Amino acid sequence: MASIFSKIIAGEIPGDIVYQDELVTAFRDINPQAPTHILIVPNKEIPTVNEVTNADEAAMGRMILAAKKIAEQEGIAANGYRLIVNCGNHGHQEVFHLHMHLVGGRPLGPMLYR
Ligand code: DGP
């Protein structure tokens, strides 16, 4: 079954999409932890970092390049921000479609945002 993020990527359910290309899609987190909280997601449904393969290298790199562009678009590049990828149970991953959180717009404190 398609993940909730695959449905947003496909336009089947609403998502506040801020960036999309042939490899990745980015949309606002439904439960923002900071003024800017965006999820950057490979269009291919990869459950966790543990399932990433060499074939996914371009999409993984694109996620970082998209984060840079979106941070500029959001006006948070100069002050800085945090990129987070949770993996599995101990990583507190809730949605099993790999994603990178782009969090910023305020000072975040050391290491973890909550
Ligand atoms: P993680 O714990 O890393 O798996 O984070 C999952 C994030 O996904 C969490 O911050 C809330 C967000 N989220 C869950 N369901 C939806 C949804 O339907 N739409 C959007 N935009 N975000 C969602």
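Every number for a ligand or one of its atoms is a count from 1 in the order of the listing. What you are looking at is a predicted structure, and each value in this text was computed from that prediction instead of being measured.
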Sub-4.0 Å atoms of ligand 1 with respect to non-hydrogen atoms of [X]:
{"X": "Asn86", "value": "1 (P), 2 (O), 3 (O)"}
{"X": "Ile4", "value": "18 (O)"}
{"X": "Phe27", "value": "21 (N)"}
{"X": "His99", "value": "1 (P), 3 (O), 4 (O), 5 (O), 6 (C)"}

Drop me the distance from Glu51's CD to Cys87's SG, to the nearest 0.5 angstrom.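 One gets 7.5 Å once the value is rounded to the nearest 0.5 Å.
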Rounded to the nearest 0.5 Å, how far apart are CD of Glu45 and NZ of Lys7?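 It is 9.5 Å, given to the nearest 0.5 Å.
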Polar contacts were defined as any N/O atom of the residue lying under 3.5 Å from an N/O atom of the ligand; does this apply to His37 and ligand 1?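 Between His37 and ligand 1 (N or O atoms, distance only) the closest approach is not under 3.5 Å.
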Using distance alone, determine whether Asn31 and ligand 1 share an N or O pair under 3.5 Å.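 In this structure, Asn31 places no N or O atom under 3.5 Å from an N or O of ligand 1.
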Consider only side-chain heavy atoms of I, L, V, M, F, W and Y, link residues closer than 4.5 Å, and tell whether Leu65 and Ile40 are in one cluster.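 Different hydrophobic clusters.
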Does some non-hydrogen atom of [X] fall short of 4.0 Å from ligand 1?
{"X": "Gln33", "answer": "no"}
{"X": "Ile8", "answer": "yes"}
{"X": "Phe96", "answer": "no"}
{"X": "Asp29", "answer": "yes"}

Select one of side chain, backbone, both or neither to describe which atoms of Asp16 lie under 4.0 Å from any atom of ligand 1, heavy atoms only.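 Asp16 to ligand 1: no contact under 4.0 Å from either part.
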Would you kindly specify which portion of Ile30 sits under 4.0 Å from ligand 1, judged on non-hydrogen atoms: side chain, backbone, both or neither?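 Both backbone and side chain.
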Qualifying residues under salt bridge (charged side-chain N to carboxylate O under 4.0 Å, His left out), relative to Glu74, sequence neighbours excluded: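 With sequence neighbours excluded, Glu74 shows a salt bridge (charged side-chain N to carboxylate O under 4.0 Å, His left out) to Arg28, given in chain and number order.
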Tell me whether the count of non-hydrogen atoms from other residues, nucleotides or ligands lying under 6.0 Å of CD in Glu57 goes above 12.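 12 or below, so no.
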Considering all heavy atoms of both residues, which atom of Ile84 and which atom of Arg82 are nearest to each other, and what is their separation?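 Of all heavy-atom pairs spanning Ile84 and Arg82, the closest is CG1-CG, 3.8 Å.
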Hey, would you say the His97 and His99 ring centroids sit under 6.0 Å apart?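 No; His99 has its ring centre 6.0 Å or more from that of His97.
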Just checking Phe27 against Tyr19, ring centres under 6.0 Å apart?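 No, the ring of Phe27 stays outside the 6.0 Å limit from the ring of Tyr19, centre to centre.
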